[in-house]
Structure formats: C-alpha cells, structure tokens
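Here the structure is a predicted model, which is why all the values come from computation and not from measurement. One-based numbering, in listed order, for ligands and for the atoms of each.
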Amino acid sequence: MSKRQEPSDSPEPLSLRLRILAYNLWWTWNPEAQAVFRELSPLVWHRSNHNAVAVLREVSEAELQSRLRDPDFRKRVKIAVEEFEAYLRNKRTWAVKHAKKLKGPVAYLSAEFGIHESIRLYSGGLGVLSGDHTKSASDLGIPFIGIGLFYRQGYFVQRIDAAGWQEESYPRQDPENLPLELVTLPEGGRLLNSVEIGHSIVYFQTWRLNVGRAVIYLLDTELPENDQHFQGLTATVYGGNIDTRIGQEIVLGIGGVRMLRSLGINPAVYHMNEGHSAFLVLELLREELTKGTTIDTAVKSVRQRCVFTTHTPVPAGHDRFSAELMGHSLGKFWSATGRPFDELMSWGRVNGRDQNEPFTMTVLALRMSRGANAVSKLHGQVSREMWHMLYPDRSVSNVPIGEITNGVHTPGWANQRAHEFWNKRLGYDWTNKLMDAAFWKRIERDGLATDEELWGLRYTLRRGLVEFVRRRLCEQYGRGAEEAMGSFGSMLSPDALTICFARRFATYKRAPLIFRHLEQIIPVLTNPDRPVQIVFSGKAHPRDTEGKKFIQTIVELTHHPQLHGRVVFLQNYDMNVARHLVSGADVWLNTPRRPLEASGTSGMKVLIHGGLNLSILDGWWREGYNGRNGWAIGDDETPADVEAQDEADFQNLLKVLSTQVVPEFYERDDHGIPRSWIRRIRNSMRTLIPAFSTDRMVAEYVSRYYVPSSGVRVLT
Ligand SMILES: *Cc1c(COP(=O)(O)O)cnc(C)c1O
C-alpha cells in the first residue's frame with residue numbers, strides 16, 4: 001500500500017469519519033492523526049494519557065463542526081481520515097500474496113495486550129509484544145483476532161513515596177472513555193457467554209477493540225448476573241490470589257473459545273501466547289468429545305489447530321496449579337466429557353502418572369500443540385533443555401520447540417520527529433518496508449541523511465527526553481511549576497551522553513548493576529569533559545519486595561551528592577514513558593542475568609531513533625550484535641555462580657563504557673560531529689531494523705506455524 005492515496009469522496013460528514021477513526025487504534029501508529037486529536041483539546045489529550053475517545057467526548061459536535069470550517073485544520077483531518085480509510089480498503093497486502101494457504105482467521109490469545117498507554121491492559125514486555133504482534137498482523141493484512149481480558153483496573157499506577165518505596169493504586173478505566181464497543185447480538189442486547197468455575201456459572205460480556213484491520217475481543221466478568229466475588233475476577237492484570245489466577249485463565253482460554261463460537265467464528269489456528277490461555281485446548285477437546293469423537297481423534301484434531309509460544313526461561317515462572325485446585329475448579333466442567341479427570345491432569349504433568357505433581361500450563365500447551373516456539377535462539381536452546389524431560393526419547397536438539405525471535409512494531413514506537421525525519425528521507429512508505437533488508441541498506445548511504453542531519457536528529461530527540469524528564473519530575477513532586485523548575489530545570493543536560501534503563505524491575509534484570517561499585521562508576525559518570533547521565537524507569541510487581549528494593553536503591557542514588565541531576569528515576573513506567581526514553585536515549589542499557597532474558601524487546605525500539613544498544617549477550621542481542629552496531633557486555637559465556645556473574649558483568653560494563661562508549665561519543669571532528677558514533681548508528685539501523693521488526697516476526701509465524709502444512713517441528 002502506498003501511504004498517500006487518492007482522496008475518496010465519502011458521503012459521510014468529516015466529523016463522523018473522525019469519530020470512527022478515534023475508535024480504531026490505527027491512529028496510535030499515525031502521528032498526523034495523533035496531532036489532530038491533540039490539537040482538538042491539548043489539555044484532555046495530556047490528562048487522559050493521549051486518549052482520542054476522551055478528546056472527542058470533550059469536544060461538542062458544534063465545536064467540531066466549527067473548527068472543521070478552518071481550511072487548514074480541515075485539510076489535516078481529511079488527510080488523516082483518508083489515509084485511514086485507504087488503509088482499511090487496501091487489497092494489496094503482504095498476506096494476499098504470502099498467506100494464501102491460511103484458510104481462516106488466526107485466534108491469538110494473550111493475558112496482556114499493550115496497544116497504547118491510554119488502555120492499561122498490560123504489565124510489561126509480554127503485553128507490548130502482543131500489541132505489536134496485532135499491529136503488524138493488521139499491517140500485513142492477516143485475518144487476525146486477538147483475545148484477552150478487559151481489566152477494569154488494569155495494572156497498577158506507580159508512585160514512589162518519600163522513602164523511595166513503590167506505592168500501587170488501581171484507578172478504574174471507564175469503558176465509555178475507551179475505544180471499546182460492546183459486542184451485541186443481531187437481535188439486540190449484549191452478547192453474553194459463560195464458563196463453569198467449580199460449581200458456579202460465571203458470565204462474561206465481550207468488548208471489541210479495533211486495531212487497524214485486526215480486532216481484539218476483551219472478556220469481562222463485571223456483570224450484575226455474577227456473584228460479587230466473580231464480578232471482580234477480571235479486574236486487574238495478574239492480581240488477586242491463585243484462585244483469581246486460575247479463574248482468569250478459565251475465562252481467557254475456555255471463555256475465549258466459547259465467545260468465538262457464539263460469533264460463529266472457527267479459526268484456522270489458535271495461537272497461545274504464553275501458557276495463560278492453554279485451557280483453551282480443554283474446551284476444544286470438550287467440543288470434540290461431546291460430539292462422540294474418540295479421545296485419540298479428539299487430541300489429534302485439537303493439536304492440528306494449536307500453536308504455542310513460550311516466554312519463560314525459568315521453571316518457577318510457569319503457571320502451576322495443584323491437583324486439588326484443578327479438580328475443584330474444572331472437575332464439573334470436565335465431567336460433561338465423561339472422561340476421567342486424572343487423564344486431564346496427566347496432560348499437564350511431566351510424569352503423567354505422578355499424583356503429586358502439580359498441573360503445569362506450559363506442559364499442557366506443549367502436549368496439545370502442533371508447533372511450539374521460544375522467542376530467541378538462546379531461549380530456544382534453554383527451552384529445549386528445560387523441557388527435554390517431556391521428550392525422553394529425543395536428543396535435546398530434537399526437542400520440538402523451535403524459535404522465532406521477537407520484534408517490535410517500529411511505526412508504533414517511532415516518535416513524531418523520527419517519523420517526520422524518515423518520511424522526508426526514505427519516503428512515506430518506509431513503514432511498509434520494515435522487513436526489506438535491501439531497503440535499509442540505504443541508511444548507510446551518505447546522501448540519504450548526512451552525518452550532520454543524523455546528529456541533528458539525535459540532538460532533537462535527546463532534548464525532547466531531557467525536557468520530558470524535567471516536566472515529569474515537576475508533576476511527580478507536585479510542586480508549583482515555577483518553583484520546581486528552579487531545581488528540576490537544571491536536571492540532565494541536552495549535551496551529555498544519555499543512557500536509559502527502563503523495563504519491569506524483575507530482579508533478574510538487575511537494574512542497580514551499574515552501581516555495584518560506586519567508587520568505580522562515579523568517576524566515569526562525572527568527568528566534567530565527558531559527562532554521562534542515566535534515566536531509569538520501571539515498575540516492580542506488587543509482591544516483589546526485592547524488585548521494590550532495587551527501585552529504592554536507585555531512587556536513593558538520585559539524591560547522592562555526586563549523582564544528583566545526572567541520575568533520575570521516572571515514576572509510572574508505561575508505553576508513553578517508554579516512547580520518550582527510547583527516542584531520547586543515546587545508549588539503551590540492558591543487564592539481565594544471562595540466560596534469563598528470553599528475548600527482550602525494549603532495545604529494538606531505539607533503533608529507528610538512532611539509539612545504540614549496550615547489553616549483555618542475552619535474548620535478542622546475542623543474535624543482533626555484530627561488533628559494529630552497538631556494544632556487548634561480556635561474552636557468550638555464563639559463569640555458573642551468580643555472585644561471580646554479577647561481578648564479571650559489572651567489570652565488563654565498566655570497561656566497555658569507559659574505554660569505548662564514552663570516548664566514542666565525545667570524539668568530535670572539526671564540525672563537532674562524532675563520526676564513528678554515527679557510523680555505528682548507521683550500521684545498527686541497517687542490520688537491526690529489518691531483522692527485529694514484528695513484520696518479520698509475524699511473517700515467520702505465518703509461514704512456519706500458522707499454515708498447517710508448513711515445516712514446523714511437529715510434536716509427535
Ligand atoms: C517494551 C516495553 C517493555 C519490555 O521491555 P524489556 O526490556 O524487553 O523487558 C516493558 N514495558 C513497557 C512499557 C515497554 O514499552
């Protein structure tokens with residue numbers, strides 16, 4: 001599709017077309033459309049965390065009509081709306097050519113969807129990946145249906161108290177204020193489905209979220225039909241106790257299939273994104289068994305339709321339920337099949353006959369899928385070793401878990417300035433060429449963007465971040481802007497090498513690693529000729545006391561006399577904060593304890609902005625790093641002892657930072673340009689953008705997993 005299409009004459013009034021656009025999250029990866037909503041009400045746009053529906057609810061029809069009479073504004077609205085309509089109409093998508101063998105929609109089930117900061121249905125990378133997967137599926141034209149839960153309270157909002165301790169609050173999200181449409185029946189009234197949880201019937205309604213050409217259905221138990229207790233079942237992301245967890249997973253997996261059936265949808269493939277949705281196979285089995293199909297045929301038929309992606313490289317990270325909880329929650333449901341419950345339990349056990357073994361969702365998903373994959377090459381190796389015990393007759397390398405490395409939806413992560421910069425130089429349709437490696441070779445051609453222009457872009461984006469940080473700190477500490485600007489106005493420097501570290505504060509990600517020996521790192525950061533500043537952000541899981549201590553450690557260091565003003569912590573990490581950080585960062589730091597970072601994706605978001613990665617060779621970076629497109633911390637080895645690993649990784653980080661990263665950033669020619677640094681940026685963009693895009697990732701899922709006859713490592 002080309003981005004500038006012929007205008008079409010739509011009979012609908014422009015104001016109505018704009019309202020329709022607000023209800024399709026396509027606008028979240030189109031900066032011109034965002035600018036229109038922002039201009040309509042800058043205050044509501046800001047207060048609502050960039051929510052187009054909230055803006056249009058604020059603006060009366062009279063106001064909208066009047067403002068559309070301004071020819072300049074009208075023209076911009078028209079361009080955005082026409083581009084959107086052309087996108088939906090486009091019949092020449094990648095899928096038309098490359099996904100012919102896909103005979104029906106893909107149903108993609110995920111506990112989290114991170115589509116945009118204004119819709120809080122995600123906790124971290126897994127959710128953002130689901131959102132980016134959906135956006136690329138839409139861009140590629142793949143028939144795609146996401147299924148998730150509507151969390152009225154989402155994941156928590158983070159505040160840090162005076163002692164540096166994380167506080168959580170759970171503000172409600174009003175569906176009226178979100179681009180959600182309640183799914184209704186043709187004859188009127190809302191679509192109502194139910195699942196059995198124990199002896200209770202739990203009803204749920206369904207909300208529709210439009211994401212370009214794709215759709216996400218969100219299941220919601222907050223209904224007067226339900227007991228008080230079940231009304232709150234889907235309230236928060238990973239909230240509550242183990243009963244909440246299994247209940248949510250029953251709604252997602254079993255409810256997800258029932259919801260599809262009630263809409264008459266029979267997907268060609270079910271994709272379980274992580275094990276949370278694996279109960280869906282039980283519903284598919286129940287469907288077969290209650291038709292009278294034999295168990296062997298039923299299992300075969302279910303496996304033909306399911307694929308599974310695992311994301312967790314540690315055994316403890318996988319959902320496990322005791323036999324008692326399973327029997328209690330699913331016994332009644334399963335009795336309809338007439339099959340023994342022990343048989344169901346055996347599918348979730350490594351040793352099917354071991355009555356004491358709990359039920360593992362990943363084991364169920366692996367057993368009942370036609371294909372399974374990990375999310376990077378190293379994670380593939382780790383997963384094959386971890387699940388070897390399920391396939392004792394095979395060698396580790398033949399364990400049927402393949403790998404598809406994650407990516408990011410680059411147009412959704414590129415900030416407005418980056419869009420403008422590349423539109424001008426690569427043409428408006430660069431967003432359609434994300435996986436075209438030959439296209440990205442152009443970045444290494446001088447004429448396309450000169451070193452001077454690239455350095456100008458870096459300055460623009462770095463200043464954008466510095467000012468965002470100053471504004472945020474003012475809001476964070478709730479003082480009068482003027483008074484606060486006195487102290488916050490000098491925070492960070494637009495000239496200094498800017499490192500960002502932002503992600504969930506899971507302890508294996510080791511946020512404070514860079515401060516392991518303060519006396520060694522402080523001189524590197526505070527050299528007056530070569531200053532270095534670091535921006536941190538991230539949430540710890542509410543029950544993760546160690547992760548909260550990591551936050552506290554860093555918040556305390558922001559007050560350290562030598563670090564004050566150059567180390568900052570931004571509260572409430574979300575996709576908006578992420579977008580500012582990934583655009584402003586010169587260097588994106590990642591220090592996971594190898595091999596626990598299954599893939600990691602945040603480092604991929606910096607690429608289009610000319611940011612560079614400095615990371616442990618874990619997850620995606622182990623296959624992305626080539627020696628010239630960023631920096632590695634340490635080598636391709638993993639010390640056995642955790643203490644030794646932390647120390648070695650710190651020393652390696654210190655060394656590469658002080659001897660390579662900092663000198664290269666500050667090595668300027670007569671024009672003030674860091675030539676080698678910019679050479680590294682060009683190499684990073686050329687080699688990494690096409691490889692780590694969700695367009696490439698989704699294309700791989702289509703050709704290797706979604707199409708039944710494709711060469712997946714079939715589980716037998
Ligand atoms: C991209 C992203 C993540 C994932 O970051 P990793 O470094 O891959 O863990 C988490 N949270 C948000 C808000 C993100 O945008």
Asks: Looking at the rings of His419 and Trp29, which for Trp means the six-membered one, are their centres under 6.0 Å apart?
Replies: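 Ring centres of Trp29 and His419 not closer than 6.0 Å.
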
Asks: Below 3.5 Å only, please: the N or O atoms of ligand 1 paired with protein N or O atoms, distance on each line.
Replies:
{"from": "ligand 1", "atom 1": "7 (O)", "to": "Arg503", "atom 2": "NE", "distance (Å)": "3.0"}
{"from": "ligand 1", "atom 1": "7 (O)", "to": "Arg503", "atom 2": "NH2", "distance (Å)": "3.4"}
{"from": "ligand 1", "atom 1": "7 (O)", "to": "Ser602", "atom 2": "OG", "distance (Å)": "2.5"}
{"from": "ligand 1", "atom 1": "8 (O)", "to": "Thr601", "atom 2": "N", "distance (Å)": "2.7"}
{"from": "ligand 1", "atom 1": "8 (O)", "to": "Ser602", "atom 2": "N", "distance (Å)": "3.3"}
{"from": "ligand 1", "atom 1": "9 (O)", "to": "Lys509", "atom 2": "NZ", "distance (Å)": "2.7"}
{"from": "ligand 1", "atom 1": "15 (O)", "to": "Lys605", "atom 2": "NZ", "distance (Å)": "2.6"}

Asks: Using the test side-chain contact (heavy atoms from CB on, under 4.5 Å), find all partners of Asp220 that sit at least two apart in sequence or belong to another chain.
Replies: Phe150, Arg152, Gln205, Trp207, Glu222, Thr234

Asks: Give me each pair satisfying salt bridge (charged side-chain N to carboxylate O under 4.0 Å, His left out) with a member in residues 570-579, each pair once, sequence neighbours excluded.
Replies: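 Non-adjacent pairs meeting salt bridge (charged side-chain N to carboxylate O under 4.0 Å, His left out): Glu117-Arg579.
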
Asks: The criterion is side-chain contact (heavy atoms from CB on, under 4.5 Å); which residues satisfy it with Val606, sequence neighbours excluded?
Replies: Val582, Trp588, Asn613

Asks: Honestly, is Arg471 close enough over Phe468, meaning NZ or CZ under 6.0 Å from the six-membered ring centre and within 45° of the axis?
Replies: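 Relative to the ring axis of Phe468, which defines the angle, Arg471 lies outside at least one limit.
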
Asks: Just to verify, which of Arg510, Lys509, Arg622 counts as forming a salt bridge (Lys or Arg N to Asp or Glu O under 4.0 Å) with Glu597?
Replies: Lys509

